[in-house]
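Hydrogens, waters and symmetry mates are skipped; everything else that's a heavy atom, side chains included, is used. Since the structure is predicted, the reported quantities are computational estimates derived from the model, not experimental observations.
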Amino acid sequence: MTNAQPEDLQTRVATVEEQLDQVLESLDLIGTIQRGIRAEVRDTSHSTARLERTVRQLAEISAP
């Protein structure tokens, strides 16, 4: 065959299955990373809100 393609159907199917398994593993990893990023963004948002409250309180304390 041309283009270095597997010669029989079973080999082609096996190759496609391997590629699909790799894609699924990558998607699982992406999902895990995405959940981690989502948690970090949420934590950062909470920390920012606390910091903003603290800055406002300090500004009120220091106001004449």
Side-chain angles (χ1 to χ4, degrees):
M1 298 203 99
T2 60
N3 297 330
Q5 294 179 348
E7 293 185 9
D8 66 346
L9 183 59
Q10 288 181 339
T11 303
R12 289 181 181 186
V13 169
T15 300
V16 169
E17 286 176 342
E18 289 173 12
Q19 291 172 341
L20 287 173
D21 285 342
Q22 291 173 356
V23 168
L24 289 174
E25 287 178 16
S26 295
L27 288 174
D28 285 343
L29 178 59
I30 290 168
T32 299
I33 292 169
Q34 187 178 32
R35 285 187 294 278
I37 290 171
R38 192 178 300 130
E40 288 294 328
V41 168
R42 185 182 56 243
D43 292 346
T44 301
S45 178
H46 291 160
S47 294
T48 301
R50 283 193 304 271
L51 180 59
E52 288 173 349
R53 283 192 301 273
T54 301
V55 168
R56 270 195 306 275
Q57 289 170 349
L58 290 172
E60 289 172 4
I61 290 170
S62 66

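Hydrophobic cluster membership for Val41: Leu29, Ile33, Ile37 (Ile, Leu, Val, Met, Phe, Trp, Tyr linked by side-chain heavy atoms under 4.5 Å, directly or transitively).
Every side chain to side chain donor-acceptor pair (under 3.5 Å) that Arg35 has, sequence neighbours left out, goes to Thr32. Partners of Ser47 according to the side chain to side chain donor-acceptor pair (under 3.5 Å) rule, which considers only residues two or more places apart in sequence or in another chain, are Arg50. Residues satisfying the side-chain contact (heavy atoms from CB on, under 4.5 Å) criterion with Thr48, sequence neighbours excluded, are Thr44, Glu52. Residues forming a side chain to side chain donor-acceptor pair (under 3.5 Å) with Arg42 (at least two apart in sequence, or on another chain): none.
Residue pairs meeting the side chain to side chain donor-acceptor pair (under 3.5 Å) criterion with at least one member in residues 17-31: none, sequence neighbours excluded.
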